[in-house]
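Below: one structure, written as structure tokens.
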Amino acid sequence: MAAVFLQKKRKARLEQGHPWVYKSEIERVEGDIVPGQLVPVQSHLGQYLATGYYNEASQITVRIVSYKPLEAMTTDFFVERFTRCLQHRSRFVKDAQSYRLVYGEADFLPGLIVDKFEDTLVVQILTLGMDRCREQIVAALAQVVKPTGIYERSDVPIRELEGLKQTKGLLYGECPKHVDILENGLRIRVDIEEGQKTGYFFDQRENRAAIAPLMTGWGHRSGIERKEVEHEGSMQTLPVNANGKVVTFPYWDGASVLECFSHTGSFTLNACKFGAKKVTCLDISEHAIESARTNVALNGFQDRVEFVVADAFEYLRTQVKGLDERKVRANAGGSGQAKIDTSKPVAEGGRTWDVVILDPPAFAKTKSAVEGACRGYKDINLHGMKLVNEGGYLVTASCSYHMHPELFLETIHAAATDAGKLLRLVEFRGAGMDHPRILGVDEGHYLKFAIFEVRSK
């Protein structure tokens, strides 16, 4: 029988629950192995450790699927695994019909992603071992979930590292191009054919809802307070401005919000739901902004959202530059201050917000890119926090696995120091409950999400 034997002096990662065996950890391979087939993995002494599928073309040569002997990944095997996946989501993602159903290694199915959008499933098959089981995967999903259709979005470069071509298309039943889902009570239209990854990012669901406390409590800054006043012939407790007039705008107590890297506008939608007064929704992609615009309209928030197509880095720098120039002009003529030529127009920009949300794409997709990523995260957060009104909030995230949580916080701290700001960490979170983690598999701890109160020194 074919088998993989591991080196004596390797780290005992496999015994600690890590599902990957790197080529550098393998001492020898016995027998003939067809790429993608299951093989037992043994210690250097021949002790059975686990079973995984083999691909010599990949640096991750074996991916573990079972800690008991397994001859084949049959339809019944996938039915059992998918049933467990469904049970987990039913328990922890209550009252939701759309979520990540299968999360690769964390669901003991490495190389396979399945997202459920109402009655439609979108799958990503990322590895050779899973690609060989395509028919069994589709049959098992049809049996367990009973979807109206299954669409494949394996159009990702990582497949090429496995010797596979990128591919996409219908696998089962019928799939519409757009699927409307509900998340946190909000209606979102997902483009399963052309949207990023599988069409939508479920991992921030709970984090989007976590901004709720930040969205109200700002009316006092405009001099608005609730008072008992006579209105329309009776005494009522109503919001009243500094001039004693009743405020009729329903979102008088709401925050002004900037969402950068908006993609589908999901944070914008949650901000509006929870009472934001005005939201600036920004993305560099016209397609993304059109998607966000559609979602805003679906939820009736058009009157509170403005859309900006721009590079987030440049946009934030422009606002900071304008803000700095206004501060200089405000102090001009004072003792020791240089005089300013006020005949020249004020620089563009200078806007500030109560809450700034930064949810950029991964800046560090490889270990070698970490240094550059740190510069990117520092730059975006430094300029972002400068535009937060005193006592407001910076909401910031990183989905780069190689940007470890400690480094992420250190980078933001360094940005705060340079910006002359004091940050108070209010909340620090990871991915949602449909993205579980296996302890010891640090690669699963990719998402960092933080809420900071921002104050000046």
Side-chain angles (χ1 to χ4, degrees), residues 92-96 182-188 201-226 237 239 247 249-282 292 295-296 299-301 303-305 352-360 381 384-398 405 408-409 412-413 416 421-435 447-456:
F92 291 106
V93 191
K94 292 186 180 298
D95 303 322
L182 282 177
E183 181 183 277
N184 298 337
L186 294 158
R187 191 176 169 194
I188 298 167
F201 298 105
F202 285 119
D203 53 2
Q204 295 262 40
R205 177 196 297 101
E206 290 90 338
N207 299 339
R208 292 170 190 133
I211 68 173
L214 315 182
M215 293 300 112
T216 55
W218 303 93
H220 68 281
R221 295 197 174 200
S222 302
I224 302 174
E225 295 182 5
R226 287 187 178 275
T237 302
V247 177
F249 181 58
Y251 303 104
W252 61 271
D253 199 34
S256 59
V257 180
L258 169 64
E259 181 194 7
C260 294
F261 310 99
S262 65
H263 188 219
T264 53
S266 50
F267 276 102
T268 290
L269 298 179
N270 280 269
C272 289
K273 175 188 175 181
F274 295 123
K277 176 172 58 181
K278 188 75 176 179
V279 183
T280 303
C281 181
L282 180 147
N295 290 329
V296 165
N299 292 277
F301 298 146
D303 59 333
R304 286 186 283 155
V305 181
T352 59
W353 291 265
D354 299 320
V355 180
V356 172
I357 301 171
L358 305 175
D359 185 22
N381 282 281
M385 68 182 69
K386 282 186 174 183
L387 299 176
V388 175
N389 291 328
E390 184 69 17
Y393 295 89
L394 174 70
V395 179
T396 184
S398 166
F408 180 60
L409 291 174
I412 295 173
H413 190 192
K421 301 292 184 180
L422 291 172
L423 299 185
R424 186 157 62 156
L425 180 60
V426 177
E427 191 161 9
F428 192 79
R429 307 169 63 99
M433 289 186 176
D434 53 351
H435 289 67
L447 181 61
K448 286 78 57 181
F449 174 88
I451 298 175
F452 294 99
E453 181 190 62
V454 182
R455 293 195 177 275
S456 300

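Only heavy atoms go into these numbers, but all of them, side chains included; no hydrogens, no water, no symmetry mates. Being a predicted model, the structure only gives us computed values, none of them experimental.
Nearest heavy atoms, L269 versus R187: CD1-O, 4.2 Å. Of all non-hydrogen atoms in M433 and E206, the two that sit nearest each other are N-OE2, 3.2 Å. Nearest heavy-atom pair across Q204 and D359 is NE2-OD1, 3.1 Å. When all heavy atoms are compared, the tightest approach of W218 to G392 is CH2-CA, 3.7 Å. The shortest heavy-atom contact between L214 and V355 is O-CG2, 3.9 Å. Residues L425 and F428 come closest through the heavy atom pair CD2-CB, 4.3 Å.
Looking only at atom types and distance, the side chain of T352 has a donor-acceptor partner in the side chain of N389 under 3.5 Å away.
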ask   = Would Y393 and I357 count as a side-chain contact (heavy atoms from CB on, under 4.5 Å) if you check the C-alpha gap in whole Å, the side-chain angles of each, and the deciding distance to 0.1 Å?
value = CA-CA 8 Å; Y393 295 89; I357 301 171; over 6 Å; no

message = What verdict does the side-chain contact (heavy atoms from CB on, under 4.5 Å) test give for V305 and C272, after you've listed the backbone C-alpha separation in whole Å, the side-chain angles of each residue and the deciding distance to 0.1 Å?
response = CA-CA 8 Å; V305 181; C272 289; 3.6 Å; yes

message = Apply side-chain contact (heavy atoms from CB on, under 4.5 Å) to residues L358 and L394 and explain how you reach the verdict.
response = CA-CA 8 Å; L358 305 175; L394 174 70; 3.9 Å; yes

task = Carefully, step by step, assess R205 and V93 under the rule side-chain contact (heavy atoms from CB on, under 4.5 Å).
result = CA-CA 10 Å; R205 177 196 297 101; V93 191; 3.8 Å; yes

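Here the straight-line distance linking atom OG of S222 with atom CZ of F249 works out to 11.0 Å at 0.5 Å rounding. With rounding to the nearest 0.5 Å, the separation of CG in N270 from CG in N207 is 10.5 Å. Here the OG1-CZ distance, from T396 to F408, works out to 4.0 Å after rounding to the nearest 0.5 Å. Residue T268 holds its OG1 atom at 10.5 Å from CZ of F301, rounded to the nearest 0.5 Å. The CH2 atom of W252 lies 4.5 Å from the CZ atom of R226; values are rounded to the nearest 0.5 Å. The distance from atom CH2 of W353 to atom NZ of K278, rounded to the nearest 0.5 Å, is 12.0 Å.
The pair D354-K277 does not meet the salt-bridge criterion, since no charged nitrogen lies less than 4.0 angstrom from a carboxylate oxygen.
Sorted by first and then second residue, the salt bridge (Lys or Arg N to Asp or Glu O under 4.0 Å) pairs with a member in residues 384-398 form an empty list; sequence neighbours excluded.
Between M385 and I412 there is a side-chain heavy-atom pair separated by less than 4.5 Å. Side-chain contact between K421 and S456 is present, with heavy atoms from C-beta onward closer than 4.5 Å. Looking only at side-chain heavy atoms (C-beta outward), N299 and K273 stay at 4.5 Å or farther from each other. When side chains are defined from C-beta on, V395 counts as touching F449, because their heavy atoms get closer than 4.5 Å.
Legend: residues meeting ring-ring contact (aromatic ring centres under 6.0 Å, His included) with F202, ordered by chain and number and at least two apart, are F117, Y200.
The aromatic rings of F201 and H263 sit tilted relative to each other, their planes meeting at an angle between 30° and 60°.
No side-chain donor-acceptor contact under 3.5 Å links N295 to the backbone of I188.
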